[in-house]
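Just below is one structure, and these are the notes that go with it.
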Amino acid sequence: LTPMMQKYMETKEQYKDCILFYRLGDFYEMFFDDALVASKELEITLTGKSCGLEERAPMCGIPYHAVEGYLSKLVSRGYKVAICEQVEDPKLAKGLVKREVIRVVTPGTNLNVQSLEAGKNNYLLSIAYTPDGIGISAADVTTGDYYVTEVEDLKKLNDELMKYEPSEIICNEAFLVSGFDVNDLKTRLHISVNALESHMFDDDGCRRILMKHFKVNTLIGLGVEEFPTGLLAAGALLQYLYDTQKTDLEHFTHIYPYLTSKYMLLDSSTRRNLELTETLRGREKRGTLLWVLDKTSTAMGKRMLRSWIEQPLVSSAAINRRLNAVESLVHQTVQRGDLIEELHYISDLERLMTRTVYGSDTPKEIYAMAQTC
């Protein structure tokens with residue numbers, strides 16, 4: 001192989017389960033099997049490149065400035081994409097330009113705001129299946145939301161799954177042989193499911209990474225001590241994000257432990273038949289309870305309202321607090337009108353902040369954030 005191809009193969013060896021976007025000048029190029037898959041999925045021309053072997057290597061490429069659209073297309077179909085960038089100035093480089101993978105994009109870690117539904121969270125779910133119980137942790141990389149809980153059996157796990165509707169699930173090997181219908185998740189619900197290596201769910205390792213990330217010496221203050229299996233799911237999820245996002249995840253400032261009994265238990269068939277967020281027939285928003293109630297002015301409000309509908313409260317004190325807040329706004333018609341008017345100018349700060357942390361925001365998005373502030 002030529003020196004450039006040798007470097008490509010070294011990187012590809014580290015990211016075997018990903019399609020590798022390899023930056024060459026103004027293009028991201030894909031070679032060999034990656035090129036065959038990408039050219040078919042993205043409907044782009046397949047060409048060849050001399051690589052030192054007898055036959056030319058299959059190759060296809062996309063312009064770097066148009067990467068978001070192509071990336072979203074692959075990720076929405078369940079592929080993982082590793083983005084390999086030039087990390088030094090080609091003018092100053094001696095020999096080959098140094099390249100490194102700066103991020104791995106998966107269905108649960110897609111940051112492209114245009115390809116995500118504004119009023120719906122894009123959850124990555126982590127499941128730790130153990131003889132003592134099932135730990136669940138959910139995170140939305142685009143907003144910094146991070147939850148942890150535990151359930152006793154697979155039926156209740158399914159109910160939580162239906163509540164979060166994740167785009168990607170990571171789990172331990174034990175979950176794959178637990179009897180849960182994983183194929184149904186992949187085929188009917190189009191959820192990407194990946195089993196991680198067992199060391200990712202190691203108790204000591206999970207504790208260490210949570211304490212290091214939240215800069216604490218003990219987990220008691222975080223409230224996750226009472227969730228021993230949930231802690232495993234949360235730790236594995238955080239490690240997975242560090243491995244794929246290659247950033248310090250500054251926007252994950254809190255972890256929210258909760259008991260499933262805090263909310264009304266709605267099993268999957270109840271959710272479906274009540275048509276809370278999607279209709280039975282067309283699986284669309286129009287005609288649902290969310291559609292009737294949603295008069296929100298911001299994307300952040302839309303996501304909050306959806307989560308409230310999917311997780312009805314059971315505590316009368318909490319319900320009354322929420323009702324009091326609604327009542328005070330109902331009685332203040334003029335102020336409510338002014339508030340609605342002002343909120344129309346508010347951009348999706350949660351998702352814009354995340355893109356800023358990642359350094360992937362555009363000048364237009366930075367301006368929108370400034371206007372909102």
Testing the 3.5 Å rule here: is there a donor-acceptor pair between the side chains of [X] and [Y]?
X    : Y    : result
N121 : S307 : no
Q245 : Y358 : yes
Y8   : E13  : no
N122 : T142 : no
T372 : S347 : yes
S115 : S72  : yes
K98  : Q86  : no
D132 : T130 : no

State whether [X] and [Y] are salt-bridged, where the test is any N-O pair (Lys NZ or Arg NE/NH1/NH2 against Asp/Glu carboxylate O) under 4.0 Å.
X    : Y    : result
E41  : R77  : yes
K156 : E160 : no
E165 : K120 : yes
R303 : D145 : no

Does [X] reach the side chain of [Y], with side-chain heavy atoms less than 4.5 Å apart?
X    : Y    : answer
V148 : Y258 : no
V81  : V104 : no
F31  : K49  : yes
L289 : T277 : no

For N172 and Y129, indicate whether the former's side chain and the latter's backbone hold a donor-acceptor pair under 3.5 Å. yes
Are the side chain of R99 and the backbone N or O of R23 linked by a donor-acceptor pair below 3.5 Å?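 Yes; judged by distance alone, with no hydrogens or angles, the pair exists.
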Pairing residues for E284 by the salt bridge (charged side-chain N to carboxylate O under 4.0 Å, His left out) criterion, not counting sequence neighbours: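 If we apply the salt bridge (charged side-chain N to carboxylate O under 4.0 Å, His left out) test to E284, skipping adjacent residues, there are no hits.
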Around [X], counting heavy atoms of other residues, nucleotides and ligands shown, do more than 12 lie under 6.0 Å from its [atom1]?
X    : atom1 : value
K295 : NZ    : yes
D33  : CG    : no
R322 : CZ    : yes

If the test is side chain to side chain contact (heavy atoms under 4.5 Å, CB included), which one of K155, K163, M162 qualifies with S268? M162
Evaluation steps, salt bridge (Lys or Arg N to Asp or Glu O under 4.0 Å), between D159 and R271: CA-CA 9 Å; D159 297 339; R271 286 178 189 280; over 6 Å; no
Between side-chain atoms of residues 226-243 and protein atoms elsewhere (two or more places apart, or another chain), which donor-acceptor pairs fall under 3.5 Å?
residue	atom	partner	partner atom	Å
T229	OG1	E150	OE2	2.9
Q239	NE2	D243	OD1	2.9
Y240	OH	E168	OE2	2.5
Y242	OH	H213	ND1	2.7

Which donor-acceptor pairs under 3.5 Å do the side chains of residues 333-344 make with protein atoms, sequence neighbours left out?
residue	atom	partner	partner atom	Å
R336	NH1	L329	O	2.9
R336	NH1	V330	O	3.2

